[in-house]
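Take a look at the structure set out below.
Read the numbers this way: they start at 1 and go in the same order the structure lists the ligands and their atoms. Keep in mind that this is a model prediction, so the values were computed, not measured.
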Amino acid sequence: MSAISADAPGKIILFGEHAVVYGRPAIAVPVLQVRAHVEVYARPQALAGEVHLQAPDVDLDAWLADLPGDQPLARVVREVLQDLSLSKCPACNIHITSTIPVASGLGSGAAVSVAVIRALSAFLGNPLPDEKVSAIAFEVEKLYHGMPSGIDNNVITYARPVFFVRGYPIESLRLPRPFTIVIGDTGVSSPTSLAVGDVRRLWQIDPARYEGVFDQIGRIAQLARKSIENGEPEHLGTLMNENQVHLRYIGVSSPELESLIEVAMAAGALGAKLSGAGRGGNMIALAEPEKANEVARALEEAGAVRTIVTVVGSKGNEEMGRLGDKEIRGLEGKKKEGR
Ligand code: PMV
């Protein structure tokens, strides 16, 4: 029997992480070289309600009925059924794989949710619209983060560069001139909830000081939007460096991130910062297209467990999708090992 399948990309936050939780704007873009992939197969011989979930990447192989309410994948399935007013799901297997590293700031949780929602709702004959997909993924994000801003589920659902303010509809960015970002993974896994919780405690101790920092980060995100939309992406480097100063100040950088940032700058990047919750996970660097591979190589030599070179453009998604494997480093090695 053929499967109904759906994909969802990873993402990076270019500007504004953490401050976005406190109502300041942020900019995020999809990363199509990594993705979650979900296949749903009917089980014609089985009884209605027998839903089997398999996610080999996280060692999950279980029946939906046996999973607790706060298990994120079970929660996604139950939310979809509830939204479609189905008390029982037709018997099926849901198979989930992902090339997005977990707990590293690339949006793996939201991408898996989005792909499950799309594949399952299509399998049930009622593909949900983007708005609904994003809203359900947001509910599930709460299990991972507690108090997510909503940026991950939005950028991943809509798969295009977004300017995002919590509680407002996303705005698409005009991108008259594409630019190249090198992503470097420290290999240190860092759950978003920990970093977000620590920042909250600091903010509670001294709200005026941290509100001031968030204002600065929000101002940088606004300036970055102007540079992107005016076709002057070269200014983004300085803005990334400034954003990183504030992220360091609120305690979400780490020695591994700092070391990769330094290496990227020494290799000719125009600016660099952490991306996502921080403390580990990924850093990003703006590079001239002809320098990008050199920066990526330097990051790998300095210990990055993988690098991705991605072009952010107005037709970014298609472009990135087409360039695919040619632009991804590190994953290629992983694939070869697996053969
Ligand atoms: O999921 P991550 O690691 O990309 O972090 C999301 C960005 C934060 O601003 C730290 C949290 C949020 O909900 O926006």
For atom 11 (C) of ligand 1, closest protein heavy-atom neighbour: Val21 CG2, 3.8 Å

All pairs passing side chain to side chain donor-acceptor pair (under 3.5 Å) where residues 178-193 contributes a residue, at least two apart: none

Do Glu234 and Arg177 sit within salt-bridge range, that is, some charged N less than 4.0 Å from a carboxylate O? yes

Short list, please: which atoms of ligand 1 are under 4.0 Å from a heavy atom of Ser149? 12 (C), 13 (O), 14 (O)

For atom 8 (C) of ligand 1, which protein heavy atom lies nearest, and how many Å away is it? His18 N, 3.9 Å

Indicate yes or no: does an N/O atom of Ala277 lie under 3.5 Å from an N/O atom of ligand 1? yes

Before accepting this row, confirm whether a basic side-chain N of the pair Asp130/Arg118 lies closer than 4.0 Å to the acidic partner's carboxylate O. yes

Taking the basic N atoms (NZ, or NE/NH1/NH2) and the acidic carboxylate oxygens, is any pair closer than 4.0 Å for Arg306 and Glu300? no

Any idea which part of Asp152 is under 4.0 Å from ligand 1, heavy-atom wise: side chain, backbone, both or neither? side chain

Heavy-atom nearest neighbour in the protein, as seen from atom 7 (C) of ligand 1, with distance rounded to 0.1 Å: Ile13 CD1, 3.5 Å

Between Glu256 and Arg279, does any side-chain N to carboxylate O distance fall below 4.0 Å? no

Lys11 heavy atoms within 4.0 Å reach ligand 1 at atoms 2 (P), 4 (O)

Which atoms of ligand 1 sit under 4.0 Å from any heavy atom of Pro148? 13 (O)

Glu50 bridged to Lys88 by N-O distance under 4.0 Å: no

Going through the distances and angles, do Ile156 and Lys11 end up as a side chain to side chain contact (heavy atoms under 4.5 Å, CB included)? CA-CA 7 Å; Ile156 287 168; Lys11 70 99 203 10; 3.9 Å; yes

Short N-O contact, Asp215 and Arg24, less than 4.0 angstrom: yes

Using a 4.0 Å heavy-atom threshold (strictly under), name the region of Glu141 that reaches ligand 1: side chain, backbone, both or neither. neither

Close-contact set for ligand 1 against Glu17 heavy atoms, below 4.0 Å: 9 (O)

What atoms in ligand 1 come closer than 4.0 Å to a heavy atom of Val20? 9 (O), 14 (O)

Around atom 2 (P) of ligand 1, find the nearest protein heavy atom and jot down its residue, atom name and distance. Thr192 OG1, 3.6 Å

